Student: 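Got a structure for you, written out below as structure tokens; questions coming shortly.
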Amino acid sequence: MVNITVFLSQSLIQDDMVLKDRNVVVIDVLRASSTILTALVNGAKEIIPAESVSVAARISKGLGNSILCGERNGKVIEGFKMGNSPFEYTPEVIAGKILIFSTTNGTLSITKSKYAKNCVIAGFLNLTAVANYLAELDEDFTIICSGKLNDFCIEDAVAAGMLIAKLTELKGKSNYQLLDSGYISYKLAKLLGYKNTKPDTNKIFNILKDSEHGKYLTSLGFGDDMKYCSELDVYDKLPFYKNNVIKLKETFEAEATEKSKMKRVNISNKLHLGNKE
Ligand code: MLT
């Protein structure tokens, strides 16, 4: 039996140790999760999440090849080069760069997960990829819905519910145990868009467009972001947060393979040298 814990706002996590050694899924549909995924798919070298503007500025000092990115209240932070719209993160701008990224809620959820066993970042854009990963993992996990300004937001709760619904389809309802927050997310997803085993993408778009944050972003001129962030399963990719950086899971794996190859070469060189001496 897999236990699913859901925090309906990142502000409910008061102590980072709560997430120690847990499998964590961070959701911030509008827009941090969606932007992080887009940036990595478009070739960003890595993303360093920062919990505050001052921490981001400190990290960037002396770090070449990096760009300060993020938002407060949806707008580009003063002195930063890029905001938080996924459309800004084109390969021409960010390929090969280190992005130092600070957002109002999303990067708080991520940095609070620094002691997690595994931390994956999810949105509608990679919902099935995350569900498949969790189904295979088959261990207890915690979903953090980043929320809005220390409070609940509907789009993250619906994404959490759809993830749970997808998992119950893959592994059966009896494989999962939900507390009230998970149960309400699941029921909300069923009610608002997850019908007959397939989510209705138009409904997802309407939820995002009509949400409190969606309306606010539209008022700032980011109406197109809602359409983009509501697209389902565009990417079969998993952004992972590990050792204070975010990279795609496959990048972490390739680096680990390369490292162990180098280690083997070093050992064999040493043995070779030893035989000669
Ligand atoms: C956040 O982290 O609060 C969001 O990603 C805000 C935004 O829409 O830029």
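Small disclaimer: the values here were computed from a predicted structure and weren't measured. Just so you know, ligand 1 is whichever comes first in the structure, and atom 1 is the first atom listed for that ligand.
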Student: Side chains of Q10 and N150: donor-acceptor distance under 3.5 Å anywhere?
Tutor: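 Distance-only check passes for Q10 and N150.
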Student: Please report which non-hydrogen protein atom sits nearest to atom 3 (O) of ligand 1, along with the residue it belongs to and the distance in Å to one decimal place.
Tutor: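 Of the protein heavy atoms, N105 ND2, 2.6 Å lies nearest.
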Student: Would G147 count as a polar contact of ligand 1, with the cut-off being nitrogen or oxygen pairs under 3.5 Å?
Tutor: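 No - when backbone and side-chain N and O of G147 are compared with those of ligand 1, no distance drops under 3.5 Å.
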Student: Mark up the atoms of ligand 1 that fall under 4.0 Å of a heavy atom belonging to A32, in ascending order.
Tutor: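 Contacts of ligand 1 toward A32, numbered from 1: 5 (O).
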Student: Which bit of D28 gets closer than 4.0 Å to ligand 1, counting heavy atoms only: side chain, backbone, both or neither?
Tutor: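 Contact part for D28 vs ligand 1: side chain (C-beta onward).
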Student: Report, in ascending order of atom number, the atoms of ligand 1 lying under 4.0 Å from any heavy atom of T103.
Tutor: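 In order of number, 1 (C), 2 (O).
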Student: Side-chain donor-acceptor pair under 3.5 Å between D151 and S9, yes or no?
Tutor: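 S9 and D151 do not have a side-chain donor-acceptor pair below 3.5 Å.
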Student: Side chain, backbone, both or neither: which part of E71 has a heavy atom under 4.0 Å from ligand 1?
Tutor: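 Looking at E71 and ligand 1, just side chain atoms fall under 4.0 Å.
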Student: Going by the closest heavy atom to atom 9 (O) of ligand 1, which one wins out of N84, V76, L30?
Tutor: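 Of the listed residues, N84 has the closest heavy atom.
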Student: Establish, from distance only, whether the side-chain atoms of R72 and T103 form a donor-acceptor pair under 3.5 Å.
Tutor: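 On atom types as modelled, these side chains do not qualify, holding no pair under 3.5 Å.
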Student: For S146 and D156, which I'm curious about, is there any donor-acceptor pair between the side chains at under 3.5 Å?
Tutor: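 S146 vs D156: no donor-acceptor pair found between side chains.
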Student: For D138 and N175, test the side chains for any donor-to-acceptor distance below 3.5 angstrom and give the result as yes or no.
Tutor: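 Yes, N175 and D138 have a side-chain donor paired with an acceptor closer than 3.5 Å.
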Student: What do you reckon, does H213 put a non-hydrogen atom under 4.0 Å from ligand 1?
Tutor: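 Yes, that is the case, since the closest heavy atom of the residue is under 4.0 Å from the ligand.
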Student: Between Y216 and K148, is there a cation-pi geometry (under 6.0 Å to ring centre, at most 45° from the normal)?
Tutor: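 Satisfied, under 6.0 Å and within 45°.
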